[in-house]
Amino acid sequence: MREKTKGARWLKNKDKLLLALITTIIFALQFSILSKINADQTTSSNQETAVSNNDQANSALYKRGDVVRISQTALTQTNGVSLESHRGLNGTIMSVFQNPDTNFQWEYSIIYPNGAFDEHVAEKDITNISPARYKIGDTVKISGNASIETNGYSLVNRQNWNGTVVSVTPKAFSNSAWEYDIVYPNGQHNVHVAEQDVTNISPARYKVGDTIKIAGNAWAETNGYSLVNHQNWVGTITSVTPKAFSNSAWEYDIVYPNGQHNVHVAEQDITDISPARYKVGDTIKIAGNAWAETNGYSLVNHQNWNGTVVSVTPKAFSNSAWEYDIVYPNGQHNVHVAEQDVTNISPARYKVGDTIKIAGNAWAETNGYSLVNHQNWVGTITSVTPKAFSNSAWEYYVTYSNGQHNDHVAEQDIVPNTTSYPHPQAGGTNSYPKGYCTYGVKEMAPWVGNYWGDASNWANAAKKAGYVVNSTPEVGSVVVFQNGQGGANSVAGHVAFVIGVNGNTITVKEMNFQYGSGGFNIYSTRNIVNASSYQYIH
């Protein structure tokens, strides 16, 4: 009985020992876990302190959403993946974090416009994008090959449109790092135009100082101010400014000769001035009512003067768009003569073929060559040219019967040939058979009478009609060859027109002379000696 009680007591003590052991083990485990937690917490706290200190010492240069560029020197990501194929690419940052494996340096996850991405790009391999080429307020043009905006909206129907930049935003798209909100003159706009699809406007057609004209259909300035009452006005450009308006990319400040101006004229409403009426070298005359040059210098004492244009310059003045530098025969000049004060010279008094006389007081040609020894000489004009000289606006090339000539005779040194002959039967339709010598002479000398018969009969017929007939040759007279004389026909004789006299030799122009290049209905020329042995009709 006692032993049983003793055994029961032992069992009871044994349970207590086991419970104590279990409790000890549990306590030890709890202590170990708490120690580990405390250690971990201490380490974590130290790490957090280190990260916090690192954040303060080296904050990230970029943030989520920034548009950046991969550096041209980038080699690999922090995970070893190559970056070389992405050098120079623009991309958008998707996340920013510190990597404990790289001593908590900043690295970035970057996505590119084509959908590719890099998840571990070190900050040292990232650089800023290039500055935007355009700024708010710039006038730009949509490229001619633009396809879509960065949001996919079509740009095809906006190609080559001019517009104004109203916002500039970083945006990685294709080859661009920026996008623009562009508003057009009609109020439409594209909000997401990639920089690659924006280009510079065409250069302005005009520059400051240009003389221009307001178009005849101009309606309004870019600010809405009316241009109707200034249509076709000539003015001078004083400023040039980019401005998208209708079909224009530029606007101009234009001042007019009366001091008025339009500040905002679109390029589409400007046109070129009419071409200058005169060119350098032209001989002109100052108008009889000319008042002043464009610089205010008086023109009154030069009214009706002949001069030569030596320069032509655009200049808006009164009703003119051009001004001229004009030099006069005496060496004086007016540098700023408005076109409205320049007029054409009077018509030349003489024409090619006229027989004239050198004036008895003629002194020199326009080139200075002496005319004294040719005073009162009779000659024929062979050319007429504008030339301002003394009181003249024309000069003449004069040939004399002896073959001499003066090439530059001023009009003031020429007088009409006072020798005149009666031509009682002048004019009338040519009655002579076409192709023969008589027909040819009548064509050259309409003052010859009709129905004078064969050539050998012309001298007698002319005398009877009241014409002067003698043996003195003159330029413009008709020479009569009797039968067989001077190569004439042995039955009908021959007539010719005198075009030159040199002593006792004449030069004639004739038809149907059967020698050399002549022939029926053909004009030819030849020289004839012993001129005084023939008869001449004057």
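All heavy atoms count here, side chains included; hydrogens, waters and symmetry mates do not.
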Atom of [X], atom of [Y] and distance for their closest heavy-atom approach:
X	Y	result
I237	I254	CG1-CG1, 4.2 Å
V480	Q485	O-OE1, 4.0 Å
D197	A146	OD1-CA, 3.6 Å
Y180	V165	CD2-CG1, 3.8 Å
V478	V495	CG1-CB, 4.2 Å

What residues form a salt bridge (charged side-chain N to carboxylate O under 4.0 Å, His left out) with E395, not counting sequence neighbours? none
How long is the straight-line distance from [atom2] of [Y] back to [atom1] of [X], given to the nearest 0.5 Å?
X	Y	atom1	atom2	result
N295	F317	CG	CZ	8.5 Å
T236	H261	OG1	NE2	13.0 Å
I358	E365	CD1	CD	8.5 Å
N190	T150	CG	OG1	10.5 Å
N200	R133	CG	CZ	7.5 Å

Residues in ring pair (Phe, Tyr, Trp, His ring centres under 6.0 Å) with W178, at least two apart? none
Could you tell me whether the side chain of [Y] reaches within less than 4.5 Å of the side chain of [X], counting heavy atoms only?
X	Y	value
N504	N530	yes
F481	V479	yes
I148	L155	no
W394	P386	yes
H374	Y400	yes
H494	N489	no
N470	Y536	yes

Do Y421 and E474 meet the criterion of a side-chain donor-acceptor pair at a distance under 3.5 Å? yes
Have T507 and N527 got a donor and an acceptor in their side chains that come within less than 3.5 Å? yes
Look at the aromatic rings of Y328 and W305 and report parallel, tilted or perpendicular, splitting at 30° and 60°.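 Correct class here is perpendicular.
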How are the rings of Y396 and Y350 set relative to one another: parallel (under 30°), tilted (30 to 60°) or perpendicular (over 60°)? perpendicular
Side-chain donor/acceptor of [X] to backbone N/O of [Y], under 3.5 Å:
X	Y	result
T238	D253	yes
N483	G493	yes
E251	T241	no
S532	S471	no
W161	P185	no
N330	Q332	yes

Determine, stepwise, if the pair M511 / N521 fulfils side chain to side chain contact (heavy atoms under 4.5 Å, CB included). CA-CA 6 Å; M511 180 177 281; N521 202 35; 3.8 Å; yes
Please list all pairs passing the salt bridge (Lys or Arg N to Asp or Glu O under 4.0 Å) test where one or both residues lie in residues 198-218, with sequence neighbours left out. R205-E267, K207-D210
Side-chain donor-acceptor distances from residues 455-465 under 3.5 Å, at least two apart:
unit_1	atom_1	unit_2	atom_2	d
S456	OG	A492	O	3.4
N457	ND2	W452	O	3.0
W458	NE1	G453	O	3.1

Please evaluate residues L227 and V265 with respect to the criterion side chain to side chain contact (heavy atoms under 4.5 Å, CB included), reporting the C-alpha separation (whole Å), side-chain torsions for both, the decisive distance (0.1 Å), and the verdict. CA-CA 8 Å; L227 274 173; V265 182; 4.1 Å; yes
Sequence neighbours excluded, every pair satisfying side-chain hydrogen bond (donor to acceptor under 3.5 Å, both in side chains) that has a member inside residues 431-442: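 Matches after skipping sequence neighbours: S431-N450.
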Filter on side-chain hydrogen bond (donor to acceptor under 3.5 Å, both in side chains), then keep only pairs touching residues 311-321, sequence neighbours left out; what's left? S318-Q340
For Y153 and H192, run ring-ring contact (aromatic ring centres under 6.0 Å, His included): C-alpha distance rounded to whole Å, both residues' side-chain angles, the deciding distance at 0.1 Å, then the answer. CA-CA 8 Å; Y153 190 88; H192 303 284; 9.7 Å; no
So does F520 have more than 12 non-hydrogen atoms from other groups sitting under 6.0 Å from CZ?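 Enclosed: over 12 neighbouring heavy atoms sit under 6.0 Å from CZ of F520.
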N217 and Q231: side chain to side chain contact (heavy atoms under 4.5 Å, CB included), yes or no, with the steps? CA-CA 7 Å; N217 61 350; Q231 290 174 355; 5.5 Å; no
Derivation and outcome, side chain to side chain contact (heavy atoms under 4.5 Å, CB included), residues W447 and I537: CA-CA 11 Å; W447 49 268; I537 304 171; 4.0 Å; yes
